[in-house]
Amino acid sequence: MTHPPVTVVKVAGPIEPAIRESRPEDVAEIRRIYAFAVENGTGSFEELAPSLEDMAARRQTVLDRGLPFLVAEYRDVVVGYAYAGPFRPRSAYRYTLEDSVYVAPEVRGLGIGRALLRELVARCTQLGYKQMIAVIGDSANAASINSHLAAGYEHIGTLRHVGLKFGQWLDSVYMQRRLGDPDQPG
């Protein structure tokens, strides 16, 4: 099922959205943005879009961990979101997070993902985390890869043909960014 995009006034170049903490009333737009990505793209390896209730629970899980779940707002419309979650469940990974960033299809390419990622990195750094990992679905996902490069991430590896979606084998691209003081261990 495809979802119709929200009507947003088009602009010619990069925009500076307002980045803020997500609120419960944002979940429907967050879900709409993610459902479009799941059902129409290869950036997420999820094949069925979560329900509104599942999306609300996912958001709450992030917040319950004390981690940021942000939205980008432009002209009073939620046009993207980003959050950080644990990279792996083992305790030795406790200072390493994984980012997730999604932008509404009707406003991609306007700098919203970069703005979200920049703020997410800043907030995770303030919380004392040391590393941020990006696991990017599909090595052809140039927009996400370039946004992460612009935010100071390095390409650290590619897992070839690890996901099957829409009848095609897809890669996962791993990128990493150090948080905080580069002279400190971590």
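These numbers come from the heavy atoms of this one structure, side chains and all, not from hydrogens, waters or symmetry mates.
Looking only at distances, no side-chain donor or acceptor of Lys165 sits under 3.5 Å from a matching main-chain atom of Gly43. Remark: the backbone N or O of Leu97 is not paired with any side-chain donor or acceptor of Lys130 at under 3.5 angstrom.
Of all heavy-atom pairs between Ala82 and Val101, the closest is CB-CG2, 3.9 Å. When all heavy atoms are compared, the tightest approach of Phe166 to Thr42 is CD1-CG2, 3.9 Å. Minimum interatomic distance between Gln176 and Ile156 (heavy atoms only, all atoms of both residues): OE1-CD1, 3.5 Å.
At a threshold of 4.5 Å between side-chain heavy atoms, the hydrophobic network of Ile, Leu, Val, Met, Phe, Trp and Tyr places Ile19 and Ile15 in one connected group. Note on Tyr83 and Val135: separate hydrophobic clusters, where clusters join Ile, Leu, Val, Met, Phe, Trp and Tyr whose side-chain heavy atoms are under 4.5 Å apart, directly or indirectly. By the criterion of side-chain heavy atoms lying less than 4.5 angstrom apart, applied directly or through intervening Ile, Leu, Val, Met, Phe, Trp or Tyr residues, Ile33 is grouped together with Tyr74 in one hydrophobic cluster. Residues Tyr174 and Tyr93 fall within the same hydrophobic cluster, defined by Ile, Leu, Val, Met, Phe, Trp and Tyr side chains chained together at heavy-atom separations under 4.5 Å.
Remark: Tyr153 OH to Arg177 CZ distance equals 7.0 Å, nearest 0.5 Å. Put simply, OG on Ser100 and CG on Leu116 are 11.5 Å apart, with the number rounded to the nearest 0.5 Å. Summarising the geometry, atom CD1 belonging to Ile136 is positioned 13.0 Å from atom OG belonging to Ser44; distances are rounded to the nearest 0.5 Å.
With sequence neighbours left out, Asp138 forms a salt bridge (Lys or Arg N to Asp or Glu O under 4.0 Å) with no residue at all. Residues forming a side-chain hydrogen bond (donor to acceptor under 3.5 Å, both in side chains) with His155 (at least two apart in sequence, or on another chain): Thr158. The ring pair (Phe, Tyr, Trp, His ring centres under 6.0 Å) search around Tyr34 returns Tyr102, not counting sequence neighbours. With sequence neighbours excluded, the residues that form a side chain to side chain contact (heavy atoms under 4.5 Å, CB included) with Phe45 are Val162, Leu170, Ser172.
Using a 4.5 Å heavy-atom cutoff, the side chains of Ile112 and Tyr81 are not in contact. Glu29 places none of its side-chain heavy atoms less than 4.5 Å from the side chain of Val79. Using a 4.5 Å heavy-atom cutoff, the side chains of Glu47 and Val38 are not in contact.
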Would you list the atom pairs, donor with acceptor, under 3.5 Å between side chains in residues 48-72 and any protein atom, with sequence neighbours excluded?
{"from": "Ser51", "atom 1": "OG", "to": "Glu53", "atom 2": "N", "distance (Å)": "3.4"}
{"from": "Ser51", "atom 1": "OG", "to": "Glu53", "atom 2": "OE1", "distance (Å)": "3.4"}
{"from": "Ser51", "atom 1": "OG", "to": "Asp54", "atom 2": "N", "distance (Å)": "3.0"}
{"from": "Ser51", "atom 1": "OG", "to": "Asp54", "atom 2": "OD2", "distance (Å)": "3.4"}
{"from": "Arg58", "atom 1": "NH1", "to": "Glu46", "atom 2": "OE1", "distance (Å)": "3.1"}
{"from": "Arg58", "atom 1": "NH2", "to": "Glu46", "atom 2": "OE2", "distance (Å)": "2.7"}
{"from": "Arg59", "atom 1": "NE", "to": "Ser22", "atom 2": "OG", "distance (Å)": "2.8"}
{"from": "Arg59", "atom 1": "NH2", "to": "Ser22", "atom 2": "O", "distance (Å)": "3.0"}
{"from": "Gln60", "atom 1": "NE2", "to": "Asp64", "atom 2": "OD1", "distance (Å)": "2.8"}
{"from": "Thr61", "atom 1": "OG1", "to": "Ala57", "atom 2": "O", "distance (Å)": "3.0"}

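Each salt bridge (Lys or Arg N to Asp or Glu O under 4.0 Å) pair with one or both residues in residues 81-98, not counting sequence neighbours, would appear here, but there are none. Residue pairs meeting the salt bridge (Lys or Arg N to Asp or Glu O under 4.0 Å) criterion with at least one member in residues 142-163, sequence neighbours excluded, are Arg160-Asp171. Listed by first and then second residue, the ring-ring contact (aromatic ring centres under 6.0 Å, His included) pairs involving residues 118-147 amount to none (not counting sequence neighbours). Pairs passing the salt bridge (Lys or Arg N to Asp or Glu O under 4.0 Å) check and including a residue from residues 108-125, sequence neighbours excluded, read Glu16-Arg118, Glu21-Arg123, Glu119-Arg123. Applying the salt bridge (Lys or Arg N to Asp or Glu O under 4.0 Å) test to residues at least two apart or on different chains, none of the pairs has a partner in residues 140-153.
Across Leu179, Leu117, Thr96, Thr125, a single residue satisfies side chain to side chain contact (heavy atoms under 4.5 Å, CB included) together with Met132, and that is Leu179.
Cluster note: Leu164 groups with Trp169 through ILVMFWY side-chain heavy atoms spaced under 4.5 Å, whether in direct contact or through intervening members. With a 4.5 Å cut-off between side-chain heavy atoms of Ile, Leu, Val, Met, Phe, Trp and Tyr, the cluster of Tyr95 takes in none.
Salt bridge present: Arg20 and Glu73 bring a charged side-chain N and a carboxylate O closer than 4.0 Å. A salt bridge is absent between Asp26 and Arg31: the closest approach of a Lys/Arg side-chain nitrogen to an acidic carboxylate oxygen does not fall below 4.0 angstrom.
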